[in-house]
Visitor: 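Starting off with a structure, shown below.
Just so we're clear, the structure is a prediction, and the values are computed from it rather than from any experiment. We name chains A, B, ... by the order of the sequence lines, and we start the count at 1 in each one.
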Protein chains: 2
Amino acid sequence: MAIKRAKTMEDIARLANVSKPTVSRALRNSPLVTEETRRHVLDVATKHGYVINRNAQKLRESRTNTIAVVLDFSSHRENRISDPFIFNLLAGVSEALGQRDQDLLLCSPAHSSVESLGSITTSRGADGIIFLGEGGRRDDLVALAERAVPFVVWGAVEKALPYCAVGSDNFQGGFLAAKHLLDQGRSRFLFIGDTHHAEINLRRQGFIKALSEELGSRAATLMVSDMSLDDFSYSASHRAATEMVEGPGPVPDAIFAASDTAAMAVISAFRAAGLSVPEDVSVVGYNDIPASEHFHPPLTSVRQDVHVAGALLVEKLMLAIEGRSPQSTMLETRLIVRASS
Amino acid sequence: MAIKRAKTMEDIARLANVSKPTVSRALRNSPLVTEETRRHVLDVATKHGYVINRNAQKLRESRTNTIAVVLDFSSHRENRISDPFIFNLLAGVSEALGQRDQDLLLCSPAHSSVESLGSITTSRGADGIIFLGEGGRRDDLVALAERAVPFVVWGAVEKALPYCAVGSDNFQGGFLAAKHLLDQGRSRFLFIGDTHHAEINLRRQGFIKALSEELGSRAATLMVSDMSLDDFSYSASHRAATEMVEGPGPVPDAIFAASDTAAMAVISAFRAAGLSVPEDVSVVGYNDIPASEHFHPPLTSVRQDVHVAGALLVEKLMLAIEGRSPQSTMLETRLIVRASS
DNA sequence: TTGAAAGCGCTAACAC
DNA sequence: GTGTTAGCGCTTTCAA
């Protein structure tokens, strides 16, 4: 087979006996072209399998209609941070972008400094950026906000943020979890999660807040501790929980884990050590992943409505690209109570 | 703030008192430029925060250094088909592409017919395509293979495939599962999975193969049935399993589910109905997701080594783009035996 | 309503 | 080694 050069707009113009600009107009449904010629041009174009060269188009136009999505795989894969949850978020974003006919450029922050992330837009690779999770890079994002680069962030939503963020109400989530555990009459609390992540730190703050409100009434009987790990994968959490149970320290009777995955790991470790859930210890997770409902015992969890989040992120980013300043949004969280607590 | 036009190569050339091509050469570390001028140009460029316009570059060069990755979110999200497993695959691909300095364009097939998928390359949006899962679109892929579009597929690997595929040995996986279940002395077998997907159909074939080999020795005692659902999410599987147990038909004593998620759902439903796993029924899943190890009871599962798969897919696609014809590769599967069987 | 000309920012070919 | 020229495929003036 001979090497076929892809057809250009010029080719189509020649084949249709019109000029290049007319083809361009016809393809973009410009009102400046007769219905008749439009049809004709479109016929010729489809017949010859013509597709427009996106790069030439992007070069010429000011917008690329491409959005960069930054997702830190290295901390999510193998469930290191959390749950398949973030995947649903990506799916939501993908769908919302598809509806607006925007391409999705997926980037790993590992290979890209903030510098180069910012330059994704200046290099015309994309019109804007969506960060799916701020990870431990708050400072970088703040720096980026000064650079007139349109971006939005899924993560912690706080008052003084210099950029637009969408996230669930992490503080409320932690607060609800603590309230619920208090209601079960628990007194030795354990928080599990990587507080270097602002989102997770907020969950912990909400958790602590609810506990300290209670502190007045029965101060001496409350105990709070943290389990800090480099890595909150199933296996690492499981290992740490096993060590805790077998260790000399007091064993908690109420656990709030910042991810369902970690919660399940801990339950599993505790049960293996002969403790019962929820008899000996109540456990609350986060994200309400599908498996939680049918875990043994079914897991109480904080649910964030991620279904709308993707669409919201895209919507706000589009505003930002148009030069407006979209507001941050905090999504409600809800405690789904099941047998584990 | 005044509107700042991004600096072009021409600007940098002027600022550095050299010509445009010299800047271009300096940036690309061409040997055709003095070390001295190179340094000088690079200095000026970084000082002014210059970044090359990727679109202009792509337009000019024949290659875009962008790879389209097609992932059917609609069937994966909310765990409809399977496990977070596919997410790890995406991570692997992302990493491998990053190492080769290739951009990743994420596409949903939902919004794109095969026609338009093929045109991703002709429209110069990407140099090639990686399909993560063939879904039910085998025919489309076969059609695409005739179109001289470089692409590779994660999915079923079969002899007569007109394209390059990488996948685990699904047949072997099913075979191993059946063998193992037979070893447990089981006789009423149930397969769970969407056989419209070629990968999953192969698992079933391997499963059936092992059973029919046994058939000679104790024909009359073997029973095989299928559970077909539109959707193999946790909840749908759970519901179907519950109906099965409560229904009039015979209840299986050995189950092979094409995903761990479905396996867990079924176990949960059976247990809720008063059956014991593995006493009354043995269950084997697929993918060996992290949660499987600590499920109650720990889940026997077929593990596919997905760690290398991403890198392999990328490597083969690069060959395809260079005009070579990479071979398909089948990855070993291994049965991880745990308490559920 | 359509066409001719110019130019987006870059690199390859060729001259010096 | 470096500069000059040309052109990738498209859209946007502007003129007809």
Visitor: Roughly how many Å is it from CE in B/Met9 to P in D/dG3, rounded to a whole number?
Guide: 14 Å
Visitor: Please collect all side chain to side chain donor-acceptor pair (under 3.5 Å) contacts where either partner lies in residues 150-166 of chain B, sequence neighbours excluded, each pair once.
Guide: B/Arg138-B/Glu158, B/Arg138-B/Tyr163
Visitor: State whether A/Arg54 and A/Asp103 are salt-bridged, where the test is any N-O pair (Lys NZ or Arg NE/NH1/NH2 against Asp/Glu carboxylate O) under 4.0 Å.
Guide: yes
Visitor: Return yes when atom CZ of B/Arg63 has more than 12 non-hydrogen atoms of other residues, nucleotides or ligands closer than 6.0 Å, and no otherwise.
Guide: yes
Visitor: Does the distance from a Lys or Arg side-chain N to an Asp or Glu carboxylate O, for A/Glu35 and A/Arg38, drop under 4.0 Å?
Guide: yes
Visitor: Quick one: A/Glu61 CD to D/dT13 P, roughly how many Å, whole number?
Guide: 12 Å
Visitor: Return the minimal non-hydrogen interatomic distance between A/Pro326 and A/Lys316, and the atom names on each side.
Guide: CG-O, 3.3 Å
Visitor: NZ of B/Lys20 versus C1' of D/dT2: gap in Å, rounded?
Guide: 15 Å
Visitor: Answer yes or no: are there more than 12 heavy-atom neighbours, outside B/Asn29 itself, under 6.0 Å from its atom CG?
Guide: yes
Visitor: Roughly how far apart are A/Ile86 CD1 and A/Leu89 CG, rounded to 0.5 Å?
Guide: 5.0 Å
Visitor: Check DNA chain D against residues 47-58 of chain B and give the residues with a non-hydrogen atom under 4.0 Å, in numerical order.
Guide: none
Visitor: Does B/Thr8 place a side-chain N or O at less than 4.0 Å from the phosphate oxygens OP1/OP2 of C/dG9?
Guide: no
Visitor: Which residues within residues 24-44 of chain A lie with some heavy atom under 4.0 Å of an atom in DNA chain C?
Guide: A/Arg25, A/Leu32, A/Val33, A/Thr34, A/Thr37
Visitor: Is it the case that over 12 heavy atoms from other parts of the model lie below 6.0 angstrom from the CZ atom of B/Arg100?
Guide: yes
Visitor: Given C/dG9, D/dT5, D/dT2, identify the nucleotide with an atom nearest to the side chain of A/Leu59.
Guide: C/dG9
